[in-house]
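Here's the structure, in structure tokens; my notes come after.
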Amino acid sequence: MSREFTIIGAGVAGLCVATELVSRGAKVALHDTQGLPGPASCSWWAGGMLAPFCEGEAAPEAVVRLGRAAAGWWQGHGVPVTHNGTLVIALGRDRQELDRFARRTKDHSRLDAPAIAALEPDLGERFSTALFYAGEAHLAPREALSVLAARLAQNGVAINTDAAPPSASHIDCRGLAARDSLRDLRGVKGEMLILRCPQIDLKRPVRLLHPRIPIYLVPRGDGVYMLGATQIESNDRNRATVRSVLELLSAAYALHPAFGEAEILEVGVDARPAFPDNVPRVIRQGGVVHANGLFRHGFLLAPALAGMVADHVLNGARPELFHEYHP
Amino acid sequence: MARFYGTDLPTALMLGTSLYPSPAVMAEAFRRSGASVATVSIRREAASGTAGEDFWSLIRQLGVRVLPNTAGCHSAREAITTAQMARELFETDWIKLEVIGHTDTLQPDPFALVEAAKVLVADGFKVFPYTTEDLIVAEKLLDAGCEVLMPWGAPIGSGLGLTNIHGLKTLRAQFPEVPMVIDAGLGLPSHAAMAMEMGFDAVLLNTAVAKAGDPAAMAEAFAKALQAGKLARAADPMEPRNMASPSTPLIGKAFLS
């Protein structure tokens, strides 16, 4: 017997849940009034770093542990993943930040200038020490979302843009829009830029530590980079502020002055859905199952969260991140 | 303990609300610190108005008095506007007045500080000015109507502790009746204990707790250090002396030979 599940929301959470359920033989209907993944979805603006060890600097142990399976999951579902690791650096006067970061994270090695140059020739002469997380990976979020949507379509699951039929039991993956029913869900505003800088050739995500304005650059290929990201307690998803863009661009310029010549292709803004502990949850509330609160870990944790949703709805399991809310 | 604008605070800790790994960790740090005041930056932490409302309600749920600040303001005008927004948002006339003079060191601009303090006091605010240990600036701030001073320990976020002990002692001695909070630059609980031993009335900190590996544990460590420092101050510590002073009698032994 195969049950049919209605999933609302086709961002990274909804697409991963749909993919996971279909791969376990369930029937799925997917609804999103916005249709195919696009700029209205928070995950459109994501960095796409699959960097569980680096995230462990500020995130709880579960994020590191659950995030380790992400790269394999994405690859298993046809999404190209680049396994080039992560490079973490700091400017001279913030050197202590690197020591702190090293103390609080695992699975890294310390590089000197020649080793940095061997990995990233553009950075070797600018930085004398770095941390390298060889086991980390990255993907291109928009490509990943499109691949999942296309594969679901091949399996007969199209994204229905009509409002979902009224139903007491569905899987709610609407992200921040689910604030109407999840009282402790909040938005954490993120601002990012997409730059084209052909003079610079980075092969892996680079994180620049700074006590106030940590940034990262994720290569998208062809000299295109995603530069992120601010983290501001706000539900605003509309506009980037001058201060945020200035801070991001200044940090990129400090990383390498060639970014001064980069073209600004896009300025992106959205608000990440987050619970108070910034850890995602599978929530049963009445007949509805929510998968939400992925915070800044959409591509890192959506696969694990999708697995938990499937365990719950197919087998009645109460997985690790399971919560019960009373309507 | 000193009264801050007529208010008794149950503990000597004012704790900031930025830079925590999550709001849940922040709430736990507040619980274990017993902090009696939460400082919030309405410019830097969250959007003003409804967009930041969720975070403001988390702050209100901490159940402690809120001291909004004007962090990130670089002119008297900006600080005044921010203070007015803060009063509306948190329904309090308390304001930690911070006017930054230098982006890199975050050193306060004493001239703009005094200017903004005058305007805000006249507008009915109870101003907590973030200042240096400079005596003349302190005097001008008191003249402007401030009834509390918040001298720095060291530059914001530096964690260096009390870098000018002599200057801070002089300030304390010069204005014995003025409630004073050591604000900024503390890195370790021992720094907080020292501030209390020197007779300061409270400390304000953020980074030392929020950026610790275990913020809640560090918050509790600060709470204990503050208690120790306060108890020691009240116990009237011995005066330091330049030579050993044996605690056992020396009769019959050769000494000072």
Side-chain angles (χ1 to χ4, degrees), chain A residues 55-63 91 93-94 96-97 100-105 176 179 182-189 191 209-214 230-241 243-244 246-247 250 269 271-281 293 295-297, chain B residues 16-31 40-62 71-74 78 82 89 100 103-106 155-160 184-185 187 206-208 210-216:
Chain A
E55 288 303 309
E57 185 238 347
E61 174 274 336
V63 171
L91 297 170
R93 61 177 185 180
D94 300 323
Q96 335 69 295
E97 291 291 312
R100 181 183 56 79
F101 204 88
R103 266 200 326 273
R104 296 196 187 156
T105 55
L176 197 55
R179 283 182 78 222
L182 296 174
R183 59 193 173 279
D184 54 358
L185 192 70
R186 75 188 200 288
V188 181
K189 184 182 182 183
E191 294 143 298
L209 303 183
H210 184 278
R212 277 174 299 135
I213 314 152
T230 56
Q231 213 162 288
I232 298 165
E233 293 287 342
S234 168
N235 294 318
D236 175 43
R237 323 174 44 203
N238 296 321
R239 297 276 183 275
T241 64
R243 181 202 296 271
S244 295
L246 273 176
E247 288 180 347
S250 305
V269 190
R272 315 164 179 93
F275 292 107
D277 57 1
N278 292 345
V279 175
R281 296 179 182 178
F295 183 47
R296 55 179 275 153
H297 301 129
Chain B
T17 53
S18 62
L19 302 172
Y20 293 85
S22 71
V25 172
M26 175 180 78
E28 179 65 4
F30 268 84
R31 197 185 62 74
V40 294
S41 155
I42 77 160
R43 282 288 285 267
R44 308 207 70 129
E45 276 168 59
S48 49
T50 52
E53 190 47 47
D54 287 349
F55 188 68
W56 305 136
S57 67
L58 287 169
I59 300 285
R60 293 189 193 101
Q61 283 163 25
L62 295 172
C73 292
H74 290 256
E78 266 184 294
T82 305
L89 195 56
I100 296 303
T103 318
D104 236 26
T105 61
L106 300 178
I156 294 172
S158 68
L160 292 170
N206 191 153
T207 314
K211 286 291 199 185
D214 183 343

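By convention in this document, chain letters (A, B, ...) are assigned in the order of the sequence lines, proteins followed by strands, and residues within each chain are numbered from 1. Computation of the quantities below employed the complete heavy-atom set of this structure, encompassing side-chain atoms and omitting hydrogens, waters and symmetry-equivalent molecules.
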To the nearest 0.5 Å, what is the distance between CD (A:Gln231) and CG (B:Leu19)? 10.5 Å

Can you list everything that forms a side-chain hydrogen bond (donor to acceptor under 3.5 Å, both in side chains) with B:Arg60? Sequence neighbours excluded, please. B:Glu53

Give me the atom names and distance for the closest heavy-atom approach of B:Lys211 to A:Arg100. O-CD, 4.4 Å

Are side-chain heavy atoms of B:Pro23 and A:Asn278 found at a separation under 4.5 Å? yes

Contacting moiety of A:Arg104, where chain B heavy atoms sit under 4.5 Å: side chain

Point-to-point distance, once rounded to the nearest 0.5 Å, from CD of A:Glu233 to OG of B:Ser18: 10.5 Å

When B:Asp54 is tested against each of A:Arg183, A:Lys189, A:Arg186, A:Arg179 for salt bridge (charged side-chain N to carboxylate O under 4.0 Å, His left out), which residue passes? A:Arg179

Here the pair of heavy atoms bringing A:Ala58 nearest to B:Pro21 is O-CB, 3.3 Å

